[in-house]
Amino acid sequence: MSGGQRQRVAMGRALVRNPQVFLFDEPLSNLDAKLRVDMRTEIKRLHQRMGTTFVYVTHDQIEAMTLATKIAVLKDGVLQQFGTPAEIYNSPSNIFVADFMGSPAMNLLNATVENGAGGLEVSLERPNAAPLRLPVISGNNGLAAYTGRQVIFGIRPEALTDPDGADRKARSLTEGDCLIEVVEPAGSDTFAVTKLGGKSVVARLRADTGIAPGQNTRLAFNLDKAVFFDPETQARIG
């Protein structure tokens with residue numbers, strides 16, 4: 001048998017014993033891409049049917065997000081965050097968790113906190129253009145202590161999109177012009193790469209968005225989904 005077949009047999013042998021706890025250590029690591037997806041669905045179905053505790057170790061963030069009810073993120077043996085997949089994804093406790101969870105990863109940009117006419121704003125440098133200033137929604141009281149200082153501004157690719165595809169339920173949507181450097185069609189989505197805060201930034205757009213490299217395109221920032229980190233401690237602010 002192949003390595004993948006032996007791995008599936010080992011899983012079957014564990015399942016038929018009906019234990020109180022299952023311990024899985026990267027059980028899908030030797031399977032090809034399609035079989036990994038099929039087996040992931042089957043493990044999810046088994047867990048729902050049996051109601052047994054599964055302790056599942058994986059380096060694959062997609063497996064963790066799709067299978068888990070709770071995720072413990074470890075780095076060098078130290079617990080970084082423990083919570084539901086939604087908590088881990090939307091409210092990462094530090095830069096390591098923010099960068100590790102998600103594909104494409106969260107955009108992490110250098111930004112400066114400033115006082116604007118309507119309250120706090122973050123300023124992002126743009127190449128050959130004035131800085132892009134984004135208002136900070138109320139609720140992140142800890143950010144006020146960073147006025148005049150640099151922070152790390154985090155935003156997921158799906159929270160940076162074309163205006164027509166933006167979430168209309170968002171409390172804070174702000175648009176800004178960005179120079180598109182690279183366009184990556186991906187079937188159901190189109191990924192566009194621009195530059196903000198001295199970093200390459202990935203935006204997730206609708207599949208039929210007509211954009212091309214080298215053009216200035218208006219993008220919508222869903223600031224409900226923005227998070228901020230201290231550049232020294234790397235911990236989330238607020």
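Computed from a predicted structure; not experimentally measured. Computed from heavy atoms alone, side chains included, the values below leave out hydrogens, waters and symmetry copies.
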Asker: The criterion is salt bridge (Lys or Arg N to Asp or Glu O under 4.0 Å); which residues satisfy it with Lys34, sequence neighbours excluded?
Answerer: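 By the salt bridge (Lys or Arg N to Asp or Glu O under 4.0 Å) rule, Lys34 matches Asp38.
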
Asker: I would like to know whether Leu120 and Thr147 meet side-chain contact (heavy atoms from CB on, under 4.5 Å); could you show each step before the answer?
Answerer: CA-CA 8 Å; Leu120 288 180; Thr147 303; 3.6 Å; yes

Asker: Please report the closest heavy-atom contact between Ala220 and Pro163, naming both atoms and the distance.
Answerer: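 Residues Ala220 and Pro163, closest heavy atoms: CB-CA, 4.0 Å.
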
Asker: Can you name the residues that form a side chain to side chain donor-acceptor pair (under 3.5 Å) with Asp164, not counting sequence neighbours?
Answerer: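 Scan of Asp164 (side chain to side chain donor-acceptor pair (under 3.5 Å), adjacent residues dropped) gives none.
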
Asker: When rounded to the nearest 0.5 angstrom, what distance separates CD1 in Ile180 from CG in Asn216?
Answerer: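 Reported to 0.5 Å precision, the distance equals 8.0 Å.
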
Asker: So do the side chains of Arg236 and Asp230 get within less than 4.5 Å of each other, counting heavy atoms only?
Answerer: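 No, side chains not in contact.
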
Asker: Run the side-chain contact (heavy atoms from CB on, under 4.5 Å) test against Pro213 and tell me which residues pass, sequence neighbours left out.
Answerer: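 For Pro213 the side-chain contact (heavy atoms from CB on, under 4.5 Å) partners, ignoring immediate neighbours, are Val183.
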
Asker: State which residues pass side-chain contact (heavy atoms from CB on, under 4.5 Å) with Val16; sequence neighbours excluded, sorted by chain then number.
Answerer: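 Once residues adjacent in sequence are excluded, Val16 has no partner under the side-chain contact (heavy atoms from CB on, under 4.5 Å) criterion.
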
Asker: Minimum heavy-atom separation for Ile71 and Ala64, please, with both atom names.
Answerer: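 Closest pair (atom of Ile71, atom of Ala64, distance): CD1-O, 3.6 Å.
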
Asker: With a 4.5 Å heavy-atom cut-off, do Ser91 and Val227 have their side chains touching?
Answerer: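 Result no, sub-4.5 Å side-chain heavy-atom pair not found.
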
Asker: Is Phe54 reachable from Met65 through a run of hydrophobic residues whose side-chain heavy atoms are each under 4.5 Å from the next?
Answerer: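 No, no single cluster joins them.
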
Asker: Under a 4.5 Å side-chain heavy-atom rule over Ile, Leu, Val, Met, Phe, Trp and Tyr, are Ile43 and Leu35 clustered together?
Answerer: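 Yes, it is one cluster - the side chains of Ile43 and Leu35 are joined through contacts under 4.5 Å.
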
Asker: Walk me through it: do Phe22 and Thr53 pass the test side-chain contact (heavy atoms from CB on, under 4.5 Å)?
Answerer: CA-CA 6 Å; Phe22 289 101; Thr53 298; over 6 Å; no

Asker: The test is side-chain contact (heavy atoms from CB on, under 4.5 Å); show your working for Gln20 and Thr52 and say whether it passes.
Answerer: CA-CA 6 Å; Gln20 292 183 318; Thr52 307; 5.5 Å; no

Asker: Mind checking what makes salt bridge (Lys or Arg N to Asp or Glu O under 4.0 Å) contact with Glu114, not counting sequence neighbours?
Answerer: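 Only Arg133 meet the salt bridge (Lys or Arg N to Asp or Glu O under 4.0 Å) criterion with Glu114.
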
Asker: Looking at Ala111 and Val122, what are the two nearest heavy atoms and their distance?
Answerer: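 Scanning both residues, the minimum pair turns out to be CB-CB, 4.2 Å.
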
Asker: So, Asp224 side chain and Arg171 main chain: donor-acceptor pair closer than 3.5 Å or not?
Answerer: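 Yes, Asp224 side chain to Arg171 backbone: donor-acceptor pair under 3.5 Å.
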
Asker: Is any side-chain heavy atom of Val151 closer than 4.5 Å to one of Leu143?
Answerer: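 Leu143 reaches Val151 side chain to side chain.
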
Asker: For residues Met39 and Leu31, determine if any side-chain heavy atom of one lies less than 4.5 Å from a side-chain heavy atom of the other.
Answerer: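 Sidechains of Leu31 and Met39: in contact.
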
Asker: Could you pull out all residues at least two apart from Gln215 that satisfy side chain to side chain donor-acceptor pair (under 3.5 Å)?
Answerer: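 Thr217.
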
Asker: So, using ring-ring contact (aromatic ring centres under 6.0 Å, His included) as the criterion, who are the partners of Tyr89 when residues are at least two apart?
Answerer: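 For Tyr89, no residue satisfies ring-ring contact (aromatic ring centres under 6.0 Å, His included) once neighbours in sequence are set aside.
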
Asker: Could you tell me the separation between the CZ atom of Arg40 and the CG atom of Leu67, rounded to the nearest 0.5 Å?
Answerer: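 That separation rounds to 7.0 Å.
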
Asker: Is a side-chain donor or acceptor of Ser200 paired with a backbone partner of Lys195 at a separation under 3.5 angstrom?
Answerer: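 The answer is no, because no donor-acceptor pair under 3.5 Å joins these two groups.
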
Asker: Decide if atom CZ of Arg168 counts as having more than 12 heavy atoms of other residues, nucleotides or ligands within a radius under 6.0 Å.
Answerer: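 For Arg168, atom CZ is crowded (more than 12 foreign heavy atoms under 6.0 Å).
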
Asker: Kindly indicate whether the side chain of Ile155, heavy atoms from C-beta on, has any atom under 4.5 Å from the side chain of Phe221.
Answerer: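 Heavy-atom side-chain distance check passes, below 4.5 Å.
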
Asker: So, for Ala105 and Asp99, which heavy atoms are closest and what is the spacing to 0.1 Å?
Answerer: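 That closest heavy-atom pairing would be CB-O, 3.5 Å.
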
Asker: What's the shortest heavy-atom distance between Phe229 and Ala98, and which atoms?
Answerer: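 Closest pair (atom of Phe229, atom of Ala98, distance): CZ-CB, 3.7 Å.
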
Asker: Please check: side-chain N/O of Glu121 versus main-chain N/O of Val113, any donor-acceptor pairing under 3.5 Å?
Answerer: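 Here the side-chain-to-backbone pair does not exist.
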
Asker: Looking at CG of Leu219 and CG of Leu132, how far apart are the two atoms once the value is rounded to the nearest 0.5 Å?
Answerer: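 Answer rounded to 0.5 Å: 9.5 Å.
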
Asker: Could you list the residues that satisfy salt bridge (Lys or Arg N to Asp or Glu O under 4.0 Å) with Arg218, not counting sequence neighbours?
Answerer: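 Expected list: Glu175, Asp177.
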
Asker: Examine the side chains of Asp25 and Tyr56 and answer whether a donor and an acceptor come within less than 3.5 Å of each other.
Answerer: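 The criterion, which ignores hydrogens and geometry beyond distance, is not satisfied for Tyr56 and Asp25.
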
Asker: As a quick check of understanding, evaluate side-chain contact (heavy atoms from CB on, under 4.5 Å) for Arg156 and Met106, giving each step before the final call.
Answerer: CA-CA 5 Å; Arg156 296 281 182 195; Met106 177 180 281; 3.5 Å; yes

Asker: Kindly say whether Ile95 contributes a backbone atom to a donor-acceptor pair with the side chain of Gln80 at under 3.5 angstrom?
Answerer: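 A pair under 3.5 Å: no.
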
Asker: Within the structure provided, determine whether Ser172 and Asn222 are in side-chain contact (heavy-atom separation under 4.5 Å).
Answerer: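 Not touching, per the 4.5 Å side-chain cut-off.
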
Asker: For a quick test of reading the model, state the closest non-hydrogen atom pair linking Cys178 to Leu196 and the distance between them.
Answerer: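 Cys178 and Leu196 have their closest heavy atoms at SG-CD1, 4.2 Å.
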
Asker: For the hydrophobic clusters of this structure (ILVMFWY residues joined by side-chain heavy atoms under 4.5 Å, transitively), does one cluster hold both Leu179 and Val202?
Answerer: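 Different clusters: Leu179 never reaches Val202 through Ile, Leu, Val, Met, Phe, Trp or Tyr contacts under 4.5 Å.
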
Asker: Return the CD to OG1 distance between Glu181 and Thr194, rounded to the nearest 0.5 Å.
Answerer: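 Rounded to the nearest 0.5 Å, the CD-OG1 separation comes to 6.0 Å.
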
Asker: Could you give the distance from CD (Glu158) to CZ (Arg204), rounded to the nearest 0.5 Å?
Answerer: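 One gets 6.0 Å once the value is rounded to the nearest 0.5 Å.
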
Asker: Among pairs that include at least one residue of residues 150-196, which meet ring-ring contact (aromatic ring centres under 6.0 Å, His included), considering only residues two or more places apart or in two chains?
Answerer: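 Residue pairs with at least one partner in residues 150-196: Phe153-Phe228.
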
Asker: Arg36: which residues meet the salt bridge (Lys or Arg N to Asp or Glu O under 4.0 Å) condition with it, sequence neighbours left out?
Answerer: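 Salt bridge (Lys or Arg N to Asp or Glu O under 4.0 Å) list for Arg36, sorted by chain: Asp60, Glu63.
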
Asker: So, using side-chain contact (heavy atoms from CB on, under 4.5 Å) as the criterion, who are the partners of Leu46 when residues are at least two apart?
Answerer: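 Applying side-chain contact (heavy atoms from CB on, under 4.5 Å) to Leu46 gives Leu15, Glu42, Arg49, Met50.
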
Asker: Report the residues that fulfil side-chain contact (heavy atoms from CB on, under 4.5 Å) with Thr209, sequence neighbours left out, ordered by chain and then residue number.
Answerer: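 Counting only residues at least two positions away or on another chain, Thr209 forms a side-chain contact (heavy atoms from CB on, under 4.5 Å) with Asp162, Leu205, Arg206, Ile211.
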
Asker: Nearest 0.5 Å, please: how far is OG in Ser123 from CG in Asn110?
Answerer: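 Interatomic distance, Asn110 CG to Ser123 OG, rounded to 0.5 Å: 11.5 Å.
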
Asker: For the pair Thr41 (side chain) and Val37 (backbone), establish whether a donor and an acceptor sit closer than 3.5 Å, ignoring hydrogens and angles.
Answerer: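 Yes: the side chain of Thr41 pairs with the backbone of Val37.
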
Asker: Are Met101 and Pro92 close enough that some pair of their side-chain heavy atoms sits under 4.5 Å apart?
Answerer: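 No, their side chains stay 4.5 Å or more apart.
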
Asker: Counting N and O atoms only, with roles assigned by atom type, does the side chain of Asn94 sit under 3.5 Å from a partner on the main chain of Phe96, one being a donor and the other an acceptor?
Answerer: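 Yes; at least one donor-acceptor contact below 3.5 Å.
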
Asker: So Leu124 and Leu134, do their side chains get closer than 4.5 Å, heavy atoms only?
Answerer: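 With C-beta onward as the side chain, the pair touches.
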
Asker: State whether the number of non-hydrogen atoms from other residues, nucleotides or ligands found under 6.0 Å of Lys44 atom NZ is greater than 12.
Answerer: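 Buried by this count: over 12 neighbours within 6.0 Å.
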
